[in-house]
Number of protein chains: 2
Amino acid sequence: MSKSTPKPRRNPVETRERLVGAAVRLMLRQGYAATSVDDICAEAGVTKGSFFHHFESKETLGRAAVEWWGAFGTALYAEAWKDEGLDPLDQIRRFFGIMIGFTEREDEVCTCMVGMMSQELSQTHPAIREECARQLDLWTSNCANMLAAAKARHAPEADFDPEAVAWYLNSLWQGSMLVGKTENRPDIIRSNLRLALAWVEGLLTQTRNPKSEIRNPKSEPET
Amino acid sequence: MSKSTPKPRRNPVETRERLVGAAVRLMLRQGYAATSVDDICAEAGVTKGSFFHHFESKETLGRAAVEWWGAFGTALYAEAWKDEGLDPLDQIRRFFGIMIGFTEREDEVCTCMVGMMSQELSQTHPAIREECARQLDLWTSNCANMLAAAKARHAPEADFDPEAVAWYLNSLWQGSMLVGKTENRPDIIRSNLRLALAWVEGLLTQTRNPKSEIRNPKSEPET
DNA sequence: AATATGATACCAACCAGTCTGTATGTCAAA
DNA sequence: TTTGACATACAGACTGGTTGGTATCATATT
């Protein structure tokens, strides 16, 4: 126990983490462009030389910040699907519970790094846009898997496409955080999530779609 | 007819419009912070002296740009409710049709000034956040009115709160544009809108909610 | 003449990124 | 175990360019 890392002056791993953490904190509040490299260095307690030793550019750090947020989210959601044997519908319920919990943190605005960075940068910083897209893909495929499993178990006859529903829920979640932040009303987010969960539960108790003039359209991905 | 404004060199109204238009075009692409006053002046073909004659600051112009976008949107949606006698459910269908149309414009990214500005600035520029909130309020109350009218006419017994559903749809719309832009897949937006319309139609053909364990929660606005 | 517009030059602060130098840790040879 | 060469990690002054905003002056419209 004499060798328990006695606070070395140099700690490249920690320095990197501090920079990424500072970037997440500042950019989550101010956005990307309004956050200067100097701001980040000051927040992290690190100098500029160090910054550019670890990251080749501000954009590179931006990407790393989005990645960090993705890992953070994945860890949060993991609670929902950690139990192997759990009924997928209950997993979905937990999934919604986690999101609702995220709106209930004190003194923390309910917002998403991926949504913020993509909204601000998707048309000018392709590398960051791609990283954001990767994170959305991840969320959606996890969600679609739960939906597909729940459908197989509870309503194999139901007429919905798990992936389309997953994109729908992802969009609703992102938009809810945006609206909640704009209106300063996290209760809207919770209300939206409850309506969406009820809808999903409805989809999964449907044995045969009763009368749907409107059909679920085939998706048409372009380029 | 001799006095039909023979192209005066000075035209404060037009100058103002050119500046607002330039700001909308540039900020819609690059965001607020990344768009400089010089950029805007160049795009508008106007000099800086003129800029600061018409707007006291960049932030003031930002607000004006959000207002402009709101008016632009209102004009678009007006198509849905211009016919006095139209069945409110058909108004809603038109409403969705207008949004779908908005995703189908060629060479134009489907995005929203209000969502962009609010996402980037809501925590640092209160005045702009408030203007964005005003625009969302407008959209939502128009939408809620249609829903309430449709409910009164088609399903007075139905168990849903028009305002909550309107916020839900607003969130879905905003989030869909965000996700569609991130993924470069406008088809996701359309798919989401179709699912949402089907859901709304379902709500309105509901005579008595069949079995709803999950109830529509009372909203709890804070501060 | 008075005022509303617009043009131009200019400013101090700030920007991302570079450069040069120094401190620290590592590892192999002695 | 000591030494010393070397790569990594960090410090901070500096640079060329840009930022939002101002001061001043010119001209058009009333």
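All values reported here derive from a predicted model rather than from experimental measurement. Chain letters run A, B, ... following the sequence lines, proteins first and then strands; every chain starts at 1.
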Report task. Find the distance B/Tyr32:OH to D/dG20:P and express it as a whole number of Å. Result -> 8 Å
Report task. Could you tell me whether the side chain of B/Asp161 and the main chain of B/Glu163 form a donor-acceptor pair under 3.5 Å? Result -> yes
Query raised in the report: Looking only at N and O atoms, is any donor in the side chain of B/Lys48 or the base of D/dG21 less than 3.5 Å from an acceptor on the other one?
Result: yes
Query raised in the report: Which nucleotide in the list D/dA9, D/dG21, C/dC15 gets nearest to the side chain of A/Pro12?
Result: D/dA9
Report task. Calculate the interatomic distance between B/Asn11 atom CG and C/dT5 atom P; express it in whole Å. Result -> 10 Å
Query raised in the report: Side chain of B/Lys151, backbone of B/Leu203: donor and acceptor closer than 3.5 Å?
Result: no
Query - Separation of atom CZ in B/Arg18 from atom P in C/dT5, rounded to whole Å - result: 16 Å
Query raised in the report: Any idea which of C/dG6, D/dA9, D/dG21 is nearest the B/His53 side chain?
Result: C/dG6
Query raised in the report: Any side-chain hydrogen bond (donor to acceptor under 3.5 Å, both in side chains) pairs touching residues 106-120 of chain B, not counting sequence neighbours?
Result: A/Lys181-B/Gln119, A/Thr182-B/Ser118, B/Thr111-B/Lys181
Query raised in the report: Which one, C/dA23, D/dA11, C/dG17, comes nearest to the side chain of A/Ser50?
Result: D/dA11
Report task. Output the single nucleotide from D/dA9, D/dG12, C/dT8 whose closest atom is nearest the side chain of A/Thr47. Result -> D/dG12
Requested in this report: Determine whether the side chains of B/Gln30 and B/Thr35 contain a donor N or O and an acceptor N or O closer than 3.5 Å.
Outcome: yes
Query raised in the report: Please give, in whole Å, the distance from C/dA7 P to B/Asp38 CG?
Result: 14 Å
Requested in this report: Measure the distance from NE2 on B/His54 to C1' on C/dT5 and round it to the nearest whole Å.
Outcome: 6 Å
Query raised in the report: Is there side-chain contact between B/Ser171 and A/Leu178, with at least one heavy-atom pair below 4.5 Å?
Result: no
Query raised in the report: Counting side-chain heavy atoms from C-beta on, which of D/dG20, D/dG12, C/dA16 comes nearest to B/Val37?
Result: D/dG20
Report task. Rounded off to whole Å, could you give me the CZ-to-P distance for the B/Phe52 and C/dT5 pair? Result -> 17 Å
Query - Whole-Å gap separating C1' (C/dC14) and NZ (A/Lys58) - result: 12 Å
Requested in this report: Take the protein atom CG of A/Asp39 and the nucleotide atom C1' of D/dT19, then report the distance between them rounded to whole Å.
Outcome: 14 Å
Query raised in the report: Is any side-chain nitrogen or oxygen of A/Thr15 closer than 4.0 Å to OP1 or OP2 of D/dC10?
Result: yes
